[in-house]
Amino acid sequence: MVEPLVPFAPPVRLAALLARRELGLRLVAGDPDTELHWVHTSEMADPYPYLLGGELLLTAGVQLADPERFVARAAEAGAAALGFGVTPVYDTVPAPLVEACGRHGLPLVEVEPGTTFAAVARAVWRLMADARLHELRRVTDTQRALATAAARPGPVPAVLRVLAARLGGRAALYAPDGTEYAAAGRGLTPREAAALDRLVAVVAGEERRPSSAADTVGGTGGPAGTGPGAAEGAPGAPGVRLAAYSLGTGREGLTLGLVLARHEEADQRIAETAMVLLSLLTAPHQGADEATRSAALVRLLLGARPEEVAPLLGEAPWTVVHARGGDGQAPPPALGTPLVDAAEGTVRALLPAGRDVAPQPGWTLGVSAPAGPGELAAADAQARRALRRAQAAHTGLARHRAGGLDALVDPVEAHAHARALLGPLLDSPALVETLCTWLSLHGGWDRTATALGVHRNTVRQRITRCAALLDADLEDAQTRMELWFALRRL
């Protein structure tokens with residue numbers, strides 16, 4: 001039998017077509033779960049030369065002189081099912097045709113009078129379009145879920161959990177020596193575990209290793225797969241699909257092993273998305289250090305003194321990065337660190353200070369000055385201000401600018417002065433933010449509105465309110481300078 005070519009859209013089951021009551025189709029013989037890839041109409045005595053495989057072949061039997069040969073040739077060409085119109089040549093489906101379809105395992109559908117072949121074909125295309133839309137939505141929803149998981153604390157286990165759930169199986173990372181590094185999803189049968197271990201060994205091999213490998217185990221269906229351990233037997237249940245993907249190069253690269261409940265194009269796209277995310281999250285491979293650093297950050301957030309967790313965080317100083325993307329559903333930017341958090345549209349990342357931060361397509365970045373564990377809160381504020389400046393200037397990346405006259409003033413005295421000068425505004429964070437942004441952009445109304453995401457009239461109203469509360473002339477350069485200094489020292 002000819003193996004059907006893969007079409008542009010997912011196949012639809014014959015049962016879905018039979019359920020369209022307006023067509024009045026009736027299954028005479030065969031399996032209603034048969035998959036249809038497209039539709040072809042032919043009145044040739046031998047349709048074999050015109051079939052690609054996977055079709056619902058429609059005919060009225062104009063040249064049906066030999067039903068046995070007709071069905072045998074259609075089945076040999078890989079036709080999925082036969083639709084027989086009982087008008088205008090025949091009043092009923094010929095019994096020899098029913099018997100031949102039964103012998104060759106070709107499902108047979110009766111097309112009642114009044115139902116045109118064009119209507120049947122249109123119904124199949126609509127079902128395929130609906131299936132395609134469903135698959136696209138499934139891929140998109142899963143990509144969003146994977147991106148959200150990648151932005152959480154402990155991103156690697158979170159991504160594996162989402163991946164295993166969406167694929168209906170198991171997702172696991174394997175160390176270079178073949179031991180399981182992290183996993184999520186259902187348990188494996190001994191046969192599945194052995195087959196997956198073999199695939200991982202193939203991908204993780206040091207010489208001429210492929211970037212991926214696949215296999216099928218269990219079931220009794222069709223072609224068994226692409227590797228050892230594939231199922232053998234008569235056509236029937238398709239079995240379980242296994243796949244392994246290399247996440248890196250060299251001896252330190254991890255391998256992603258998957259057990260999939262089905263093998264569809266959407267599952268392949270989902271696996272590829274997860275592979276990219278996991279490659280970013282595990283490169284360079286952190287091992288136990290990743291969990292240690294995540295634990296250190298949790299302790300820091302729960303009130304531990306910075307000096308207590310500094311040894312766990314690793315090499316200091318650190319750099320804080322704030323990022324905003326044009327697409328709210330886009331995966332986090334590739335900053336090369338697993339210490340990533342996403343909240344209210346802003347992605348925040350913590351990187352070793354020695355790691356260079358480069359512009360990321362589709363993202364606007366603000367980068368802090370290097371900071372030790374005790375200065376991370378200040379670095380977070382620096383990154384936030386740098387991001388705001390980058391957005392206003394429509395540039396992809398802005399860095400914190402340190403030094404200058406600010407460094408000559410005692411920080412404690414400067415902070416006290418700032419609170420005294422800006423006291424009337426401190427109960428309104430929106431006013432403080434607007435004044436700071438407006439001053440940083442040299443009083444530009446439109447650019448301030450863009451940076452804050454508000455209307456320019458809102459900016460004017462807030463600045464007017466600031467001037468009134470401070471009893472200050474905001475057109476005066478000296479006043480602006482003093483306010484700017486104070487805002488930077490809050």
Side-chain angles (χ1 to χ4, degrees), residues 138-139 141-143 145-150 152-205 209-233 236-248 253-279 281-282 285-288 290-291 294 338:
R138 186 163 77 89
V139 172
D141 290 345
T142 303
Q143 287 175 337
L146 289 169
T148 300
R152 294 173 181 161
V156 171
V159 168
L160 291 177
R161 285 194 295 270
V162 171
L163 183 58
R166 296 304 177 102
L167 295 180
R170 182 177 178 83
L173 283 181
Y174 294 85
D177 62 359
T179 58
E180 196 172 79
Y181 168 64
R186 71 170 178 84
L188 302 181
T189 67
R191 188 178 182 188
E192 291 170 347
L196 189 56
D197 286 343
R198 285 192 293 269
L199 285 182
V200 170
V202 169
V203 174
R209 63 177 184 173
S211 60
S212 64
D215 197 359
T216 303
V217 298
T220 57
T226 60
E232 298 178 356
V240 176
R241 186 73 169 178
L242 308 178
Y245 300 89
S246 173
L247 299 186
L254 298 176
T255 301
L256 172 63
L258 298 177
V259 178
L260 301 85
R262 54 190 176 275
H263 184 224
E264 299 175 355
E265 181 183 355
D267 300 293
Q268 179 69 19
R269 301 288 83 78
I270 290 169
E272 290 173 355
T273 299
M275 182 178 64
V276 172
L277 286 175
L278 290 169
S279 296
L281 293 171
T282 59
H285 175 39
Q286 298 292 335
E290 178 183 333
S294 297

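Annotation for G168 and A261: closest pair O-CB, 3.5 Å, computed over non-hydrogen atoms. Between A195 and V217 the shortest heavy-atom distance is CB-CG1, 3.6 Å. For the pair L199 and A243, the tightest heavy-atom approach, listed with the atom from each and the gap, is CD1-N, 4.0 Å. Nearest approach of V162 to A145, heavy atoms of both residues: CG1-CB, 3.8 Å. For the residue pair A164 and G185, the shortest heavy atom distance occurs at CB-CA, 3.7 Å.
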Side chain to side chain contact (heavy atoms under 4.5 Å, CB included) between L196 and L188, intermediate numbers included: CA-CA 9 Å; L196 189 56; L188 302 181; 4.0 Å; yes

Using the side chain to side chain contact (heavy atoms under 4.5 Å, CB included) rule, take Y245 and L278 through it: C-alpha gap first, then chi angles, then the decisive distance, then the call. CA-CA 11 Å; Y245 300 89; L278 290 169; over 6 Å; no

Kindly indicate, with the supporting measurements, whether the criterion side chain to side chain contact (heavy atoms under 4.5 Å, CB included) is fulfilled by L167 and I270. CA-CA 8 Å; L167 295 180; I270 290 169; 4.1 Å; yes

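Looking at L260 and V240, their side chains never come closer than 4.5 Å, going by heavy atoms from C-beta outward.
Not counting sequence neighbours, the partners of R138 by the salt bridge (charged side-chain N to carboxylate O under 4.0 Å, His left out) test are E135, E264, D267.
One distance of note links OH of Y174 with CG of L254; it measures 12.0 Å at 0.5 Å rounding. With values rounded to the nearest 0.5 angstrom, L163 atom CG is found 5.5 Å from L258 atom CG. To the nearest 0.5 Å, atoms CG (L173) and CG (L256) are separated by 6.0 Å.
Sequence neighbours left out, the pairs with a member in residues 162-175 that pass salt bridge (charged side-chain N to carboxylate O under 4.0 Å, His left out) are R170-E180.
R241 and E192 are not joined by a salt bridge, as no carboxylate oxygen comes within less than 4.0 angstrom of a charged side-chain nitrogen.
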